[in-house]
Amino acid sequence: MRALAAAGAGRGSPVAVVPVGHTGVALAHGGTTWAYSADPAAVLRAVEAAFSPRWVWWTIRGTGSLLAGAGDDRSGADAGSTGRGLRPAGDGGTAPALCWDLAAVHRVLHGGRRDDPGAVWAAVRGLPPPPSPPRHRSDGQLDLLATIDESPKLPDTGDAGRVGDDVRADGPVGADGQLRPGWIEETLRGTAAGGVDVRLARAERFAELALVAMAAQERTLRALPDPRVRPTGVPLAVLTARAESAAELLAHELARRGLPVHRPTAERTIAGIIGPRPRDETGRVTARQARDAPVLRHLGPSVDLRSPLSLRAGLAAVGIDVPDTRSWRLTALRGAHPVIEPLLAWRRAERIATTYGFGWLDDHVGADGRLRGGWRGSDGAAGRMTADAGLHSLPGDLRVAVIAEPGYRFVRADLGQIEPRVLAVVSGDPELARATAQDDLYAPVAARLRVDRPTAKVAVLAAMYGQTSGAAGQALRQMRRTYPVALAYLDAAEAVGREPAAPAGVTRPPLRTFGGRRIPLPVRPDGTDEADGARDPERVNASWGRFARNAVVQGAAAELFKAWAVTVRQLLVPLGGEIVLCLHDELLLHVPTERADEVVAATRRALDATAGYWAAGSGVRFVADITVSERWSDAKS
DNA sequence: CGAAAGCGCGCC
DNA sequence: AAAGGGCGCGCTTTCG
């Protein structure tokens, strides 16, 4: 550690880290590298405590196991990990504050999902992406670094090989300039030929390359068109990169931490909807038949309610002709036939039974009463966070079971009308910016459009989603006259999205969000892309147009939300609180009861600080609704 | 046979 | 004339 200090590490200075299995780690800072083969997590803790550096990693996957807390690793989410690492916020230890996730920043710059080290390296070198590394997971995620979680541990002593020839003769970069896939894998798994010293020396080299890649990414971010330099002197895209990196860290913590769920309440709630937990397979079949019976009484026993095809035919047989069987379509036919009502009830119950039933509880709620699923800091489209295990689609009925633990409260904070406010910022529409002065933005919009509030809301949402039919279409024309700057911004995005092909030889700048994230659009040289080749080209283009129109708003909103969330994450550390859920425009915090008021204030401060730089100069106001409660469902919305 | 697509729906 | 974005999940049907 003294060596690191001597080398000039200080708060915010980059320190790259590469794990080698679980008992080896290499750090790089400036022109110096260090390798450790014993208790690497302790090394990281000490460095964090002493310097608060900006941690640089190729990706949180794999590296994250080093960050797992020592004291409360009860999750199973890091099963197989030795569980030693930087302590998470809330248990009195240190949480890494600053980081740079090369994979996350790569996705910001280039779009898409691919973010393995080989792809990141190729991009910073201006090379074409190399072939994808082998997949290790059944879900299709590229997950090379995760392999270290299953790798054999490095012995701490003995087995000391020669540092030397085999390292130099087998370097990381091939003749084509690409990282050598085998080298990456061997380095991360710690399976390179030779002893501990050899393997750690390789990791040192990999850490040095991480610093090279980081510098290149930051240069690229600074060189993006329309730099939007913030009051701190830093372009917004660089701030986006930092926030997106921290969001990956937050996602990792959310996956480990889980959402508090009161199991008995959850069991009772589910039973109240679909009946008691079946004892065995026979019981399950019986319960299923009992659910189906009230509907099949009208349709006959041969109809398979779970097959849309069969259901549609069955409905037609009783005189109900529908193009599909979606519930909004059936709702419109309420009263037309006695089957509709029980069918809709069946759908709701079936949802609970299949997706959010006892099986779901057993699969995802741990013995500690925490609902856990995987989290990712950004999706492949506009960059929202995603979560598994139904964490982002928990039915309202089940939220009564999300109960704070004894001595704790939830602080629920959600951003009001974030998307239209974001639209005001990114488009620079002065009239829409004026409307954001109100707590309820739709009130002044309704006044200006001379429609009622519900119509105004539909019109605004329709403008952002690309809907033009129905009542929304009428109000949309009025929107266009009243907020021409905002609408022109959306129209421009749509035009890029639906443009099937740039003129030959002309490359257009890619579509980016306000914060600089590249929005992935398919290359369609002849008006279609491979996946949609069979579909009507105009429909395909229109669809991509709507996607782009929405993505510039949804994506920018996601960036502001995440920048806010990671700021809250930091402010919660000294208050002993934790973020337990991120829901696109809403944060759920689990905090000591006696600190709840302080957390509320800190959450507001975080929004003021974040919006202050993110929306600097726009005149746009952001508002948060913040409530304290014991149950998620009790927080007013 | 397993993988992928399509449907429908929960949430935002 | 019509044209609604994103995600994950479980089910059925179809593809290869």
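Numbered from 1 within each chain, the chains take letters A, B, ... in sequence-line order. Bear in mind the structure is a predicted one, so any value in this text is a computation, not a measurement.
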- Message: With a 4.5 Å cut-off on side-chain heavy atoms, are A/V339 and A/L299 touching?
- Response: yes

- Task: Output the residues of residues 316-325 of chain A in contact with DNA chain B, where contact means a heavy atom of the residue under 4.0 Å from an atom of the strand; sort by number or write none.
- Result: A/D324, A/T325

- Which of residues 331-361 of chain A have a heavy atom under 4.0 Å from DNA chain C? A/R351, A/T354, A/T355

- Query: Got a sec? Which of residues 282-305 of chain A come in under 4.0 Å of DNA chain C, heavy atoms?
  - Reply: none

- A/S543 and A/R546, any side-chain heavy atoms less than 4.5 Å apart: yes

- Query: How are the rings of A/H106 and A/H110 set to each other: parallel, tilted or perpendicular (split at 30° and 60°)?
  - Reply: tilted

- Query: Within the distance-only criterion (no hydrogens, no angle test), does the side chain of A/T436 pair as donor or acceptor with the backbone N or O of A/R621 below 3.5 angstrom?
  - Reply: yes

- Residue set satisfying ring pair (Phe, Tyr, Trp, His ring centres under 6.0 Å) with A/Y442, at least two apart, ordered chain then number -> none

- Item | Spacing of CG belonging to A/L398 relative to CD1 belonging to A/I270, to within rounding of 0.5 Å | 5.5 Å

- Got A/L249 and A/E253 here, is their nearest side-chain heavy-atom distance under 4.5 Å? yes

- Message: Is it true that A/S378 and A/E244 share a donor-acceptor pair across their side chains at a distance under 3.5 Å?
- Response: no

- Query: How far does the P atom of B/dG8 sit from the matching atom of C/dG4, given to the nearest Å?
  - Reply: 15 Å

- Among C/dT12, C/dG4, C/dG6, the nucleotide that comes nearest once only the side chain of A/Y465 is considered: C/dG4

- Item | Atom pair distance, as rounded to whole Å: CG in A/L581 and P in C/dC7 | 18 Å

- Message: If you define the side chain from C-beta out and look only at heavy atoms, does anything of A/H584 sit under 4.5 Å from A/H392?
- Response: yes

- Query: How close or far is atom C1' of C/dG8 from atom CG of A/D363, stated in whole angstroms?
  - Reply: 15 Å

- Once you round it to whole Å, what is the distance between P of C/dG6 and CD1 of A/I519? 11 Å

- Query: Could you state the CZ-P distance from A/R549 to C/dG5, rounded to the nearest angstrom?
  - Reply: 12 Å

- Message: Side chains of A/V402 and A/S633, heavy atoms from C-beta outward: is any pair under 4.5 Å?
- Response: no

- Within the distance-only criterion (no hydrogens, no angle test), does the side chain of A/R549 pair as donor or acceptor with the backbone N or O of A/A463 below 3.5 angstrom? yes

- Task: Report the distance from atom CG of A/L254 to atom C1' of C/dC7, rounded to the nearest whole Å.
- Result: 16 Å

- Item | Nucleotide-level pairing of DNA chain C, given in dot-bracket where Watson-Crick and G-U pairs need both distances under 3.5 Å and | marks other strands | ....||||||||||||

- B/dC9 to C/dA3 separation - C1' atoms, rounded to the nearest Å: 22 Å

- Sequence-distant partners of A/D292, salt bridge (charged side-chain N to carboxylate O under 4.0 Å, His left out), two or more places apart: A/R306

- Just the endpoints, please: which first and last nucleotides of DNA chain B, 5' to 3', lie under 4.0 Å from a heavy atom of chain A? B/dC7 to B/dC12

- Query: For A/S327, which contact category applies under a 4.0 Å heavy-atom criterion: base, sugar-phosphate, or nothing?
  - Reply: sugar-phosphate

- Message: The criterion is ring pair (Phe, Tyr, Trp, His ring centres under 6.0 Å); which residues satisfy it with A/H590, sequence neighbours excluded?
- Response: A/Y408, A/F410

- Message: Could you tell me how far apart A/D585 (CG) and C/dG6 (C1') are, to the nearest whole angstrom?
- Response: 13 Å

- Taking only residues two or more places apart in sequence, or in another chain, which ones meet A/H298 in a ring pair (Phe, Tyr, Trp, His ring centres under 6.0 Å)? none

- Message: Checking the side chain of A/R384 only, and the main-chain atoms of A/A557 only, is there a donor and an acceptor separated by less than 3.5 Å?
- Response: no

- Task: Would you kindly say whether A/D585 and A/Q417 are connected by a side-chain donor-acceptor distance under 3.5 Å?
- Result: no

- Query: Could you give the CD1-to-C1' distance, from A/I418 to C/dG6, as a whole number of Å?
  - Reply: 14 Å

- Query: Backbone N or O of A/G515 within a donor-acceptor pair of the A/T240 side chain at under 3.5 Å?
  - Reply: yes

- Here the residues of residues 385-399 of chain A within 4.0 Å heavy-atom distance, strictly under, of DNA chain B are A/H392, A/S393, A/L394, A/P395, A/G396, A/R399

- Length of the CZ-C1' vector between A/R306 and C/dT12, whole Å: 11 Å

- Query: At under 4.0 Å between heavy atoms, what does A/R326 touch on the DNA or RNA strands: base, sugar-phosphate, or nothing?
  - Reply: sugar-phosphate

- Message: Less than 4.0 angstrom from a charged side-chain N to a carboxylate O is my criterion; do A/D397 and A/R351 meet it?
- Response: no

Anything under 3.5 Å between a protein N or O and an N or O of nucleotides 1-3 of chain C, put it in a table, one pair a line.
unit_1: C/dA3; atom_1: N7; unit_2: A/T468; atom_2: OG1; d: 2.5
unit_1: C/dA3; atom_1: N6; unit_2: A/T468; atom_2: OG1; d: 3.3

- Distance in Å, A/L305 CG paired with A/S310 OG, rounded so as to fall on 0.5 Å steps: 7.5 Å

- Which atom of A/A563 lies closest to which atom of A/A243, heavy atoms considered: CA-CB, 4.0 Å

- Query: Who are the ring pair (Phe, Tyr, Trp, His ring centres under 6.0 Å) partners of A/Y356, not counting sequence neighbours?
  - Reply: A/W360

- Task: Would you check if there is a donor-acceptor pair between the side chains of A/R376 and A/T386 at a distance under 3.5 Å?
- Result: yes

